[in-house]
Undergrad: 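Have a look at the structure that comes next, please.
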Protein chains: 2
Amino acid sequence: MSEQKNIQNLKSLSIDHDSPVPLHLQVEKILRDMINDPEYQNGKFLPKEVDLSKRLGISRNTIRQATNRLVQEKLLTRKKGVGTKVAKKQVETKLSNWVSFSQEMHAQGINFRNYEIKVSKIKADAEISEQLEVKEGQELFKLERLRGLDNGPFVYFVSYFHPRVGITGNEDFERHLYDILEHEYHTIPVLSREQISAILANKFLAVKLGVPINSAILQRKRVVYDPGNRPIEYNIGYYRADQFTYSIDIKR
Amino acid sequence: MSEQKNIQNLKSLSIDHDSPVPLHLQVEKILRDMINDPEYQNGKFLPKEVDLSKRLGISRNTIRQATNRLVQEKLLTRKKGVGTKVAKKQVETKLSNWVSFSQEMHAQGINFRNYEIKVSKIKADAEISEQLEVKEGQELFKLERLRGLDNGPFVYFVSYFHPRVGITGNEDFERHLYDILEHEYHTIPVLSREQISAILANKFLAVKLGVPINSAILQRKRVVYDPGNRPIEYNIGYYRADQFTYSIDIKR
DNA sequence: GTTTGCATAATGTCTGAACAAAAGAACATA
DNA sequence: TATGTTCTTTTGTTCAGACATTATGCAAAC
């Protein structure tokens with residue numbers, strides 16, 4: 001009925017039937033944008049499936065393929081016979097345990113700084129491909145950050161983002177990373193699968209972190225997943241072991 | 001081909017087209033049973049979709065509706081052009097539900113050995129006193145264990161026990177430590193507060209672990225608490241970083 | 001006024017079919 | 001030996017349509 005206007009706004013243009021990107025993923029992207037739109041955040045119903053289908057020129061089945069996932073991520077709620085709308089925001093995480101580095105620091109009232117920030121586009125090698133579950137050679141964004149306190153950097157971070165997330169490279173990476181993901185991209189990390197090991201500083205790390213070669217470095221690799229168990233980010237952190245200890249409480 | 005036998009075993013009977021339970025849910029149930037079947041846990045491929053479809057008398061789409069979810073739960077893995085099989089249980093060193101070292105190893109079917117076991121009585125120094133919340137100079141038991149696989153030790157453990165526990169020094173430390181605590185001393189560990197860092201091997205560790213001096217060592221200090229938040233054990237583990245990675249899943 | 005029942009609107013389930021894309025095997029070529 | 005080339009197998013994607021199920025509003029019946 002009154003949805004017409006918005007449906008027009010749906011950049012149907014952005015659906016590219018010739019793109020190698022499957023339609024259901026393109027639809028998912030569009031839906032995520034809609035979820036972002038304040039218009040739909042006030043409990044207003046999304047266009048109904050049949051309309052979406054017609055307007056985008058995509059079968060209803062394919063539309064549902066996309067919405068199914070978003071429903072699973074609890075971004076959308078559907079009710080039979082009624083409609084689909086954006087889910088009420090979950091009670092903003094009182095994430096006791098894991099938060100991003102800057103949030104950790106922030107919470108402790110510690111002044112952290114970014115010494116270097118670099119964004120680049122790279123092709124996935126074997127390791128990245130395995131961790132992010134993408135094909136080898138897949139293009140994706142790499143984010144490098146050298147961070148620390150006023151007295152100097154103490155961690156060097158390298159992040160790789162799954163293309164699905166839609167990082168453009170123009171984000172303001174001074175902000176909390178997971179803030180960006182959550183609010184700009186509606187990608188909510190709920191699981192972090194971490195592997196921690198010890199290595200010796202090679203020349204590169206030694207220079208970056210300002211330590212002698214062969215110093216002890218705490219290496220933390222982690223893959224961060226969304227509620228649908230899909231990988232979002234593969235992150236490797238190299239910490240000066242003399243200035244950083246990884247702490248965690250494990251309950252059973 | 002050779003799947004025929006199993007497909008017969010698929011109680012196709014259990015599909016009830018008149019049931020109010022949607023077919024895709026019934027299929028999911030059947031698949032979950034298959035996943036539990038040891039037959040399929042050894043990397044054997046599940047019947048292909050088209051066969052399942054035929055045998056169960058259900059369209060391939062509906063089959064996929066069910067498998068999609070199981071793939072999402074990472075119970076199944078599919079590969080285009082190849083097939084679908086039960087996902088490898090990824091129990092590397094998952095401390096998600098944390099257990100003791102030997103239990104971890106045991107669960108993975110790995111043969112671990114004790115290379116050295118030594119019990120002694122010592123007086124608490126400043127560090128131990130702080131961690132175990134006892135007075136400095138307090139007498140308590142120290143347990144040292146050098147452990148590893150058949151190819152040699154890869155971790156050196158030092159444990160200090162709070163006197164409250166009542167360790168006598170005559171326990172059989174070949175048993176699972178937390179078994180002893182739980183069954184002999186009715187002391188149940190429920191919280192582990194861990195600090196992980198990287199250090200370089202000193203001469204002592206180098207000899208014990210059979211690595212060169214200044215190799216990378218992963219150091220894990222942890223205090224284990226009982227349900228009343230009272231410290232039970234202070235444990236320091238020195239791991240050969242080339243043979244051990246600390247893995248953990250953090251959910252929020 | 002309250003209930004009952006019916007029409008309507010929306011999502012849920014299911015089908016059969018077609019073609020695309022990836023992996024692997026078999027084979028051929030340089 | 002190494003490298004393409006082609007074929008087969010199996011999952012991945014997409015479609016169009018049918019019918020089921022649930023919620024809601026409205027109208028008729030009590």
Side-chain angles (χ1 to χ4, degrees), chain A residues 1-4 7 15-31 43-72 76-87 124 126 129-130 133-138 164 230, chain B residues 1-3 7 15-31 43-72 75-87:
Chain A
M1 27 162 74
S2 68
E3 308 291 349
Q4 305 303 12
I7 297 174
I15 288 280
D16 178 1
H17 279 267
D18 298 325
S19 159
V21 178
L23 296 182
H24 63 87
L25 285 181
Q26 296 187 45
V27 173
E28 182 183 330
K29 193 87 204 307
I30 291 180
L31 287 172
K44 193 175 150 196
F45 286 101
L46 296 196
K48 41 198 177 207
E49 297 177 351
V50 185
D51 281 1
L52 268 182
S53 169
K54 275 211 180 64
R55 297 291 173 164
L56 294 177
I58 288 183
S59 90
R60 187 174 157 229
N61 272 337
T62 304
I63 303 282
R64 283 182 66 79
Q65 219 178 326
T67 47
N68 279 338
R69 279 192 300 266
L70 297 174
V71 167
Q72 209 147 16
L76 296 180
T77 57
R78 289 189 292 211
K79 212 155 40 167
K80 199 188 281 191
V82 181
T84 305
K85 57 167 121 174
V86 177
S129 133
E130 185 188 342
E133 298 170 20
V134 298
K135 280 190 304 239
E136 237 179 287
Q138 167 72 253
R164 180 188 350 97
R230 297 183 301 176
Chain B
M1 29 163 80
S2 68
E3 308 290 350
I7 297 174
I15 289 280
D16 178 2
H17 279 265
D18 298 325
S19 159
V21 177
L23 296 182
H24 65 87
L25 286 181
Q26 296 186 46
V27 173
E28 183 181 329
K29 186 92 202 309
I30 291 179
L31 287 172
K44 193 176 148 197
F45 284 100
L46 295 196
K48 39 196 178 209
E49 296 177 351
V50 184
D51 281 1
L52 267 182
S53 169
K54 275 211 181 66
R55 296 292 172 164
L56 294 178
I58 288 182
S59 91
R60 185 175 158 228
N61 272 337
T62 304
I63 304 282
R64 282 183 65 82
Q65 217 178 328
T67 47
N68 279 338
R69 280 192 300 266
L70 297 174
V71 167
Q72 247 206 181
L75 290 174
L76 296 179
T77 59
R78 291 188 290 210
K79 212 154 36 163
K80 203 187 281 191
V82 181
T84 304
K85 56 168 120 174
V86 177

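So you know, we letter chains A, B, ... as the sequences are listed, proteins then strands, and number each from 1.
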Undergrad: Identify, with sequence neighbours excluded, every residue that meets side chain to side chain donor-acceptor pair (under 3.5 Å) alongside A/Arg60.
TA: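 Residues passing side chain to side chain donor-acceptor pair (under 3.5 Å) with A/Arg60: A/Glu49.
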Undergrad: Atom CG in A/Leu76, atom CG in A/Leu70: separation rounded to 0.5 Å?
TA: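 Between atom CG of A/Leu76 and atom CG of A/Leu70 there are 5.0 Å.
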Undergrad: Just compare D/dC15, C/dG12, D/dT11 and give me whichever is closest to any side-chain atom of A/His17.
TA: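 Closest of the options to the side chain of A/His17: D/dC15.
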Undergrad: How long is the line joining CD1 of B/Ile63 and P of C/dT13, in whole Å?
TA: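 B/Ile63 atom CD1 is separated from C/dT13 atom P by 15 Å.
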Undergrad: Report the residue (A/Leu23 or B/Pro20) whose heavy-atom-nearest nucleotide on DNA chain D is the more 5′ of the two.
TA: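 Its nucleotide being nearer the 5' end, the pick is A/Leu23.
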Undergrad: A/Lys44 NZ to C/dA10 P: how many Å, rounded?
TA: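 Taking NZ of A/Lys44 and P of C/dA10, I get 14 Å after rounding.
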Undergrad: Between A/Arg64 and C/dG12, is there a side-chain N or O to OP1/OP2 distance below 4.0 Å?
TA: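 So the side chain of A/Arg64 is within the cut-off, an N or O lying under 4.0 Å from OP1 or OP2 of C/dG12.
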Undergrad: For D/dG12, take OP1 and OP2 only and decide whether either is under 4.0 Å from a side-chain N or O of B/Arg78.
TA: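 The answer is yes; a side-chain N or O of B/Arg78 sits under 4.0 Å from OP1 or OP2.
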Undergrad: B/Leu56 and B/His17: which non-hydrogen atoms are nearest, and at how many Å?
TA: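 Result for this residue pair: O-NE2, 4.2 Å.
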Undergrad: What nitrogen or oxygen pairs link the protein and nucleotides 6-9 of chain D at under 3.5 Å?
TA:
residue : atom : partner : partner atom : Å
D/dT9   : O2   : B/Gly81 : O            : 3.4

Undergrad: Not counting sequence neighbours, which residues clear side chain to side chain donor-acceptor pair (under 3.5 Å) with A/Gln72? List them please.
TA: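 In terms of side chain to side chain donor-acceptor pair (under 3.5 Å), with neighbours along the sequence ignored, A/Gln72 is linked to B/Gln72.
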Undergrad: Looking only at atom types and distance, does a side-chain atom of A/Ser129 sit under 3.5 Å from a main-chain N or O of A/Val134, one as donor and one as acceptor?
TA: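 Yes, A/Ser129 side chain to A/Val134 backbone: donor-acceptor pair under 3.5 Å.
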Undergrad: Which residues satisfy the side chain to side chain donor-acceptor pair (under 3.5 Å) test with A/Ser53, sequence neighbours excluded?
TA: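 Testing A/Ser53 for side chain to side chain donor-acceptor pair (under 3.5 Å), a comparison that skips the adjacent residues, returns none.
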Undergrad: Just N and O in the side chain of A/Thr84: are any of them under 4.0 Å from OP1 or OP2 of C/dA10?
TA: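 False: A/Thr84 side-chain N/O out of range (4.0 Å or more) of C/dA10 OP1/OP2.
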Undergrad: Whole-Å distance between D/dT14 P and A/Glu28 CD?
TA: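 Going from A/Glu28 (CD) to D/dT14 (P), I get 12 Å.
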Undergrad: Who pairs with A/Gln26 by side-chain contact (heavy atoms from CB on, under 4.5 Å), at least two apart in sequence or on another chain?
TA: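 A/Gln26 satisfies side-chain contact (heavy atoms from CB on, under 4.5 Å) with A/Ile15, A/Asp16, A/Ser19, A/Val21, A/Leu23 once adjacent residues are dropped.
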Undergrad: Can you name the residues that form a side-chain contact (heavy atoms from CB on, under 4.5 Å) with B/Gln65, not counting sequence neighbours?
TA: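 Per chain and number, B/Gln65 pairs via side-chain contact (heavy atoms from CB on, under 4.5 Å) with B/His24, B/Thr62.
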Undergrad: Compare the minimum distances between each of C/dT11, D/dG12, C/dT13 and the side chain of B/Glu49, then state the nucleotide with the smallest one.
TA: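 So the side chain of B/Glu49 is nearest to D/dG12.
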Undergrad: Start at the 5' end of DNA chain D and walk down; is the nucleotide closest to A/His24 or to A/Lys79 reached first?
TA: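 That would be A/His24.
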Undergrad: Nearest-Å distance, CD (B/Gln65) to C1' (C/dT11)?
TA: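 Between C1' of C/dT11 and CD of B/Gln65: 13 Å.
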Undergrad: Detail all sub-3.5 Å separations between protein N/O atoms and N/O atoms belonging to nucleotides 16-18 of chain D.
TA:
residue : atom : partner : partner atom : Å
D/dA16  : N6   : A/Asn61 : ND2          : 2.2

Undergrad: In whole Å, what is the span from the CG atom of A/Asp18 to the P atom of D/dT14?
TA: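 Going from A/Asp18 (CG) to D/dT14 (P), I get 12 Å.
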Undergrad: Can you sort out the partners of A/Lys29 under side-chain contact (heavy atoms from CB on, under 4.5 Å), two or more places apart, ordered by chain and number?
TA: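 Once residues adjacent in sequence are excluded, A/Lys29 has no partner under the side-chain contact (heavy atoms from CB on, under 4.5 Å) criterion.
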Undergrad: Report the distance from atom CG of A/Leu25 to atom P of C/dA21, rounded to the nearest whole Å.
TA: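 Those two atoms, CG and P, are 14 Å apart.
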Undergrad: Using whole Å, report how far CG of B/Leu76 lies from C1' of D/dT10.
TA: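 Distance check: B/Leu76 CG to D/dT10 C1' gives 15 Å.
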Undergrad: Identify which nucleotide among C/dG12, D/dT13, C/dT13 has an atom closest to any side-chain atom of A/Lys80, counting heavy atoms from C-beta outward.
TA: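 My answer, after comparing the listed nucleotides, is C/dG12.
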Undergrad: Would you mind reading off the distance between A/Lys85 atom NZ and C/dT11 atom C1', rounded to a whole angstrom?
TA: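 Value for this atom pair: 14 Å.
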Undergrad: Residues two or more places apart in sequence or in another chain: which of them pass side chain to side chain donor-acceptor pair (under 3.5 Å) with A/Glu133?
TA: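 By the side chain to side chain donor-acceptor pair (under 3.5 Å) rule, A/Glu133 matches B/Lys74.
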Undergrad: Counting only side-chain N and O atoms of B/Thr62, is one of them less than 4.0 Å from OP1 or OP2 of C/dT15?
TA: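 Yes, B/Thr62 has a side-chain N/O under 4.0 Å of OP1/OP2 on C/dT15.
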